[in-house]
Amino acid sequence: MIQENSNTFRERVLAIVCSIPKGETRTYKQVATDAGNSSASRAVGAVLKTNFEKNIPCHRVVRSDGGLGGYNRGTQRKKELLKKEGVKKQFKET
DNA sequence: CATTTGACGCCAA
DNA sequence: TTTGGCGCCAAAT
């Protein structure tokens, strides 16, 4: 059961990111759209950046360009985590 | 309360 | 196809 009934944008984003299935990756755009604003892709990153809750697999959130994006603990760690979870998707290096 | 920054996205050249 | 610039929203300072 997914309760996306949160007050602020961040709560919604956190809940949505938390609902991302293991082995799958979601784009900031998609999360933003689910949160209610398809254009708030940046805001999504801003939220994840300041919230690294262990319940929130923010490392499963990637860019729409095919890039990894960023990660509070280090982009390299994020890539490793995704790979370990079974993500076959390949990300850009630069 | 106002301003700046940012884990982004999309369009144009 | 690749690079550059602009636009978007929310949170943090």
Side-chain angles (χ1 to χ4, degrees):
Chain A
M1 175 190 178
I2 318 164
Q3 61 271 85
E4 65 289 276
N5 286 333
S6 303
N7 299 300
T8 70
F9 208 86
R10 48 177 288 151
E11 292 295 301
R12 284 187 295 220
V13 171
L14 296 173
I16 292 160
V17 174
C18 194
S19 70
I20 300 175
K22 176 175 175 295
E24 295 297 301
T25 49
R26 201 75 169 178
T27 63
Y28 292 96
K29 178 74 184 298
Q30 194 57 70
V31 175
T33 307
D34 259 17
N37 285 295
S38 44
S39 322
S41 46
R42 300 179 83 149
V44 175
V47 171
L48 297 180
K49 183 187 168 216
T50 52
N51 292 270
F52 32 135
E53 184 97 43
K54 75 178 179 72
N55 313 12
I56 304 173
C58 28
H59 60 264
R60 288 184 195 158
V61 187
V62 293
R63 288 185 51 158
S64 316
D65 293 86
L68 247 175
Y71 194 48
N72 308 39
R73 304 291 300 301
T75 340
Q76 180 59 58
R77 202 42 140 328
K78 180 178 178 179
K79 193 172 71 171
E80 294 288 296
L81 285 164
L82 290 168
K83 190 175 183 177
K84 286 170 57 179
E85 292 203 342
V87 177
K88 314 138 193 108
K89 189 178 178 67
Q90 243 178 114
F91 302 98
K92 291 172 70 174
E93 293 174 43
T94 51

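Within every chain, numbering begins at 1; the chains are lettered A, B, ... in the order of the sequence lines, protein sequences first and strands thereafter.
As a whole-Å value, the separation of A:Arg73 CZ from B:dA7 C1' is 15 Å. Following rounding to the nearest Å, A:Asn51 (CG) and B:dG6 (P) show an atom-to-atom distance of 17 Å. Here B:dC8 presents its P atom at 11 Å from CG of A:Leu68, a figure rounded to the nearest Å. Rounded to whole Å, atom P of B:dG6 lies 18 Å from atom CZ of A:Arg10. Here the C1' atom of nucleotide C:dA11 and the CG atom of A:Leu14 are 12 Å apart, to the nearest Å. Rounding to whole angstrom units, NZ of residue A:Lys92 and P of C:dT1 are separated by 12 Å.
The heavy-atom pair separating A:Val13 from A:Ala35 by the smallest distance is CG2-CB, 3.9 Å.
With C:dA10, B:dC8, B:dA7 as the choices, the nucleotide that has an atom nearest any side-chain atom of A:Arg42 turns out to be B:dC8. The listed nucleotides are B:dC10, B:dA7, C:dA12; the one nearest the side chain of A:Leu48 is B:dA7. The listed nucleotides are C:dC9, B:dA7, B:dG9; the one nearest the side chain of A:Ser64 is B:dG9. In this structure, of B:dC8, C:dA11, C:dC9, it is C:dC9 that holds the atom nearest to the side chain of A:Asn37. For A:Lys29, counting side-chain heavy atoms from C-beta on, the closest listed nucleotide (B:dG9, C:dA11, C:dC9) is B:dG9.
At the heavy-atom level, A:Lys49 lies under 4.0 Å from base atoms of the strands shown. Nucleic acid contact class of A:Ala43 (heavy atoms, under 4.0 Å, all strands): base. Residue contacts shown for A:Asn72 include a base, since a base heavy atom lies under 4.0 Å away.
Between the CG atom of A:Leu48 and the CG atom of A:Asn72 there is a distance of 8.0 Å, given to the nearest 0.5 Å.
Dashed line: the shortest gap from a side-chain N or O of A:Arg63 to OP1 or OP2 of B:dC8 is under 4.0 Å.
Between the side chain of A:Tyr28 and the base of B:dA7, a donor-acceptor pair under 3.5 Å is found.
The side chain to side chain contact (heavy atoms under 4.5 Å, CB included) with A:Ile20 is formed by just one residue from the set A:Thr25, A:Ile56, A:Val61; it is A:Val61.
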